[in-house]
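Below is one structure, written out as structure tokens, with a few remarks after it.
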Amino acid sequence: MNTLAAFRSLLPRRRVLAAAGLMVLAGLPGLAQAQADKWPQRTVRLVVPFPAGGATDITARVLGEQLSKRLGQPFVVDNRGGAGGITGTDAVAKAAPDGHTLLVSLSTSMLINQYLYTKMPYNPMTDLALISQLATAPVVLAVHPSVPAKTGPELLAWVKANKGKVAYGSWGVGSYAHLGGAAMSLAQDANMSHVAYRGEALMLQDLIGGQIQMAFTSALSAKPHADAGKLRLVGATGDTRMGVLPNLPTLVKQGLKDDAYRIVGFVGLGGPAKLPPALIERISTEVQAVMALPEVRERIVSMGFTPVGGTPAQFAAVYKRDAPIWEKLVRQSGAKAD
């Protein structure tokens with residue numbers, strides 16, 4: 001059989017295979033929707049890339065408890081701390097995209113780390129699916145009682161007048177506490193010293209003890225010490241007051257308009273990048289319903305967060321808006337974690 005004849009003999013089979021392929025492709029949206037409708041089919045792991053007991057961990061547990069009630073499958077929190085959230089986030093990025101391994105994390109591991117580390121095992125921009133912004137995560141600016149400043153503008157003037165004499169703390173290189181303090185120091189030409197701690201608790205111990213004079217910190221951790229008179233709260237980041245501290249004005253309202261005081265981190269729900277769109281929408285819809293529950297919102301507010309529960313598109317818009325600001329703050333601070 002010559003080449004032309006051989007080719008002609010294959011035509012019917014090629015048409016059959018092509019038709020079969022088109023049928024499979026045509027059925028893919030239906031299959032994806034069926035997968036979404038059946039989710040979850042077994043235990044769902046909510047990976048938190050930080051140790052147990054923190055506000056992010058508690059948020060994941062509150063979310064998991066309510067999702068389990070709604071959907072009839074266990075939602076188990078899996079704490080995988082290490083490397084500034086990279087270890088646990090990478091595990092989710094590389095997980096099967098079936099909706100049974102999800103990520104509950106902060107903007108640190110989902111966005112900021114890519115500007116801090118030269119090499120990372122995952123790319124937040126391409127290896128993660130954004131499912132829902134669960135909450136915003138503003139922080140408070142706290143000072144030792146010996147610092148005479150009671151407002152944001154007074155503090156700026158004080159650090160400028162005490163150039164080279166002020167130390168601020170953070171819970172790690174590249175954390176908001178680091179970037180915010182560095183931005184303040186740079187803007188005021190204050191030459192403040194940065195002291196990085198292995199966690200917020202150790203930072204607060206030294207702030208209370210007077211070893212450092214100021215720090216950005218979570219409301220959950222700072223409020224009891226402020227109530228006891230061991231710290232003074234100067235203001236909160238973001239554009240709106242915190243529900244847990246309604247009488248504390250924002251730094252922006254006090255006239256501190258720089259991006260460093262306006263931007264806030266997020267608590268987000270993510271998954272592997274290859275999650276089917278229909279499944280992303282299904283998970284997000286369920287999460288939005290949970291985040292609308294009064295008891296869930298009340299619990300999240302009590303931790304110093306502001307509940308959101310947004311759609312994937314809304315989360316993506318926040319991500320796109322904030323990415324260049326975080327990149328700028330990291331670049332200005334000169335922070336490098338590796």
Side-chain angles (χ1 to χ4, degrees), residues 46-67 70 75 77 79 85 88-89 92 102-113 124 128-140 171 175-177 180 200 216-223 236-246 248 250-252 261-271 280 283-323 325-326:
L46 298 177
V47 176
V48 176
F50 307 107
T56 309
D57 173 66
I58 296 171
T59 300
R61 295 179 188 278
V62 171
L63 179 67
E65 180 183 0
Q66 294 295 333
L67 286 172
R70 283 180 62 86
F75 282 71
V77 174
N79 296 96
T89 305
V92 175
L102 301 174
L103 174 72
V104 178
S105 188
L106 298 171
S107 43
T108 310
S109 78
M110 297 184 74
L111 174 56
I112 303 170
N113 276 348
L128 294 175
L130 302 178
I131 299 173
S132 179
Q133 181 186 6
L134 303 177
T136 59
V139 294
V140 296
W171 55 86
S175 64
Y176 174 80
E200 189 180 35
F216 287 96
T217 184
S218 68
L220 181 67
S221 298
K223 187 176 184 299
T237 59
D239 290 318
T240 58
R241 296 194 182 208
M242 304 171 72
V244 71
L245 292 168
L248 182 67
T250 67
L251 295 169
V252 173
Y261 311 118
R262 187 179 298 278
I263 194 168
V264 295
F266 60 71
V267 184
L269 179 71
I280 291 174
I283 298 171
S284 181
T285 298
E286 296 294 344
V287 169
Q288 290 171 56
V290 165
M291 293 298 296
L293 295 173
E295 61 268 33
V296 171
R297 299 182 71 84
E298 182 179 349
R299 186 71 186 278
I300 289 176
V301 167
S302 73
M303 293 185 291
F305 293 156
T306 302
V308 178
T311 66
Q314 290 168 334
F315 194 8
V318 169
Y319 196 99
K320 182 178 180 180
R321 180 197 68 199
D322 289 355
I325 299 175
W326 288 117

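Here CG of L220 is found 8.0 Å from CZ of F305. Values are rounded to the nearest 0.5 Å. The line from CG of L269 to OG of S132 is 6.5 Å long, rounded to the nearest 0.5 Å. F315 contributes atom CZ, which lies 11.5 Å from atom CD1 of I280 (distance to the nearest 0.5 angstrom). I263 CD1 to S107 OG: the interatomic distance, rounded to the nearest 0.5 Å, is 7.5 Å. The distance from the OG atom of S221 to the CH2 atom of W171 is 9.0 Å, given to the nearest 0.5 Å. Residue T217 holds its OG1 atom at 3.5 Å from CD of E200, rounded to the nearest 0.5 Å.
At least one side-chain heavy atom of R299 sits less than 4.5 Å from a side-chain heavy atom of I58. Contact annotation: the side chain of L106 approaches that of V267 to within less than 4.5 Å [non-hydrogen atoms, C-beta and beyond]. No side-chain heavy atom of P312 sits under 4.5 Å from any side-chain heavy atom of L130. A heavy-atom distance below 4.5 Å is not found between the side chains of V308 and Q314. In this structure the side chain of P124 never reaches within 4.5 angstrom of the side chain of L111, judged on heavy atoms. You'll find the side chain of M291 reaches within 4.5 Å of the side chain of V296, heavy atoms only. Within the 4.5 Å cutoff, the side chain of L102 has no heavy atoms near those of the V92 side chain.
Minimum heavy-atom separation, F50 to S105: CE1-OG, 3.5 Å. In terms of heavy atoms, G243 sits closest to P246 at O-CD, 3.5 Å. When all heavy atoms of G268 and M110 are compared, the closest pair comes out as O-SD, 4.0 Å.
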*Go through the steps to decide whether Q288 and T311 satisfy the test side chain to side chain contact (heavy atoms under 4.5 Å, CB included), and finish with yes or no.*
CA-CA 7 Å; Q288 290 171 56; T311 66; 3.8 Å; yes
*May I have the step-by-step check of side chain to side chain contact (heavy atoms under 4.5 Å, CB included) for R262 and D239, ending in yes or no?*
CA-CA 6 Å; R262 187 179 298 278; D239 290 318; 2.5 Å; yes
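Between the side chain of T89 and the main chain of G85, a donor-acceptor pair closer than 3.5 Å is present. Although no hydrogens or angles enter the test, the distance criterion places a donor-acceptor pair under 3.5 Å between the side chain of S284 and the main chain of I131.
With sequence neighbours excluded, the residues that form a side chain to side chain contact (heavy atoms under 4.5 Å, CB included) with V264 are T136, P138, T237. The side chain to side chain contact (heavy atoms under 4.5 Å, CB included) search around R61 returns A52, D57, V77, N79, not counting sequence neighbours.
Note on ring orientation: taking the six-membered ring where Trp is involved, the planes of F266 and Y319 are tilted (angle from 30° to 60°).
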